[in-house]
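Take a look at the structure set out below.
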Amino acid sequence: MRKKLSAHFTLVLVLALAACPLTAQAKSDVITSRTVTVSGLVEKPFTITIPSIKLMKVEEQKNGAIVCDSGETRKTLKTYKGVLLRDILDSAKIVLSNPRQRGEYAVLVRSIDNYNVLFSYNELYYGTAGDSTWLIFEENGNPIDKDGLFVVFCATDKATGPRHVKWVNSIEVIKMNTEQPVQSSCR
Ligand SMILES: Nc1nc2c(c(=O)[nH]1)N[C@H]1C(S)=C(S)[C@@H](COP(=O)(O)O)O[C@H]1N2
Ligand SMILES: [Mo]
């Protein structure tokens with residue numbers, strides 16, 4: 001009886017493993033996309049989790065659409081819930097060591113499959129994208145699962161697909177390296 005039970009158990013286990021489409025690599029990736037690290041040129045780096053994002057300034061928006069650059073609508077969202085990327089950056093406190101170079105700062109949103117997207121400091125703080133670029137964790141009232149736990153997107157982009165980042169695991173503040181000799185005509 002005992003032998004039969006354990007054989008049965010082994011069979012179930014083998015079937016369960018065979019049915020799981022994830023490779024060992026993808027499995028560890030799933031684990032890493034459960035959190036979003038906020039790092040780079042910031043005073044207070046931190047890590048976002050589902051419980052911790054709910055303590056931030058969460059807002060629910062209506063009527064989102066993910067439109068590919070081909071013009072095709074890939075997905076529509078009745079509602080989505082998240083925190084403004086700018087509010088996340090404010091919590092981490094961007095360090096502008098030379099404010100005159102603020103135009104050279106950017107925010108790199110990274111994902112576990114290396115689909116990475118840049119937002120410039122200027123558009124987030126002085127342009128209009130800052131008011132509509134979200135780190136979202138709920139779509140239509142449910143946790144996001146198929147696209148990882150966290151997605152970034154800018155709701156006001158003309159085509160929202162290209163800057164829609166699934167499986168987000170990192171938000172990093174960077175500065176371009178733009179050193180060049182000052183032109184004599186500027187003096
Ligand atoms: N991490 C990640 N995010 C991504 C992509 C991707 O390949 N990886 N593709 C982008 C593209 S091209 C589009 S149009 C939207 C919607 O893609 P989907 O229809 O495959 O969900 O997600 C964007 N976000
Ligand atoms: Mo796309």
Side-chain angles (χ1 to χ4, degrees), residues 19-42 45-54 56 58-89 91-92 94 105-125 127-174 176:
C20 178
L22 299 173
T23 63
Q25 176 59 37
K27 263 187 200 159
S28 67
D29 283 346
V30 169
I31 292 163
T32 59
S33 75
R34 299 186 77 81
T35 63
V36 178
T37 59
V38 184
S39 64
L41 303 174
V42 296
F46 65 103
T47 299
I48 297 172
T49 62
I50 292 294
S52 79
I53 199 170
K54 290 180 177 167
M56 300 185 77
V58 174
E59 289 180 50
E60 185 169 70
Q61 302 294 312
K62 290 194 168 79
N63 300 324
I66 311 307
V67 182
C68 190
D69 63 347
S70 65
E72 181 199 345
T73 298
R74 303 295 288 258
K75 183 152 78 173
T76 56
L77 302 171
K78 276 207 176 86
T79 63
Y80 54 94
K81 207 183 255 186
V83 173
L84 277 183
L85 179 58
R86 195 179 52 213
D87 285 342
I88 292 168
L89 298 169
S91 300
I94 297 181
Y105 284 75
V107 178
L108 179 59
V109 177
R110 292 180 185 273
S111 68
I112 56 168
D113 66 335
N114 247 342
Y115 185 90
N116 306 321
V117 167
L118 272 180
F119 292 86
S120 75
Y121 180 90
N122 270 326
E123 67 177 333
L124 292 176
Y125 282 90
T128 51
D131 297 329
S132 57
T133 302
W134 302 93
L135 177 68
I136 66 171
F137 61 94
E138 273 184 33
E139 294 177 346
N140 300 324
N142 298 312
I144 300 172
D145 52 1
K146 195 176 120 288
D147 298 343
L149 294 188
F150 296 99
V151 164
V152 162
F153 94 113
C154 175
T156 49
D157 277 352
K158 283 199 279 183
T160 45
R163 294 211 290 185
H164 172 267
V165 190
K166 305 183 276 190
W167 301 294
V168 172
N169 69 346
S170 159
I171 294 170
E172 190 184 343
V173 178
I174 60 175
M176 302 295 116

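None of the values given here were measured: they were computed from a predicted structure. We count ligands from 1, going down the list as the structure has it; atoms in each ligand are counted the same way. Scope of the values below: all heavy atoms of this structure, side chains included, with no hydrogens, waters or symmetry mates.
- A side-chain contact (heavy atoms from CB on, under 4.5 Å) with Leu89 is found for one member of Phe119, Tyr121, Tyr125 and no other, namely Tyr125.
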Distance-only criterion, 3.5 Å: show the donor-acceptor pairs between side-chain atoms of residues 58-72 and protein atoms not counting sequence neighbours.
unit_1	atom_1	unit_2	atom_2	d
Ser70	OG	Glu72	N	3.3

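- The side chain to side chain donor-acceptor pair (under 3.5 Å) search around Ser132 returns Thr156, not counting sequence neighbours.
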With the criterion set at N/O pairs under 3.5 Å, what does the list of contacts between the protein and ligand 1 look like, atom names and distances included?
unit_1	atom_1	unit_2	atom_2	d
ligand 1	1 (N)	Ser111	OG	3.3
ligand 1	1 (N)	Asp113	OD1	2.7
ligand 1	1 (N)	Lys166	O	2.9
ligand 1	3 (N)	Lys166	N	3.1
ligand 1	8 (N)	Asp113	OD2	2.8
ligand 1	19 (O)	Arg74	NE	3.0
ligand 1	19 (O)	Arg74	NH2	3.1
ligand 1	20 (O)	Lys166	NZ	2.8
ligand 1	21 (O)	Lys166	NZ	2.8
ligand 1	22 (O)	His164	ND1	3.1
ligand 1	24 (N)	His164	O	2.4

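- With sequence neighbours excluded, no residue satisfies ring-ring contact (aromatic ring centres under 6.0 Å, His included) with Tyr115.
- Side-chain polar atoms of Asn122 and Ser120 form no donor-acceptor pair below 3.5 angstrom.
- For the ring pair (Phe, Tyr, Trp, His ring centres under 6.0 Å) with Tyr80, the qualifying choice from Phe153, Phe150, Phe137 is Phe153, the only one to do so.
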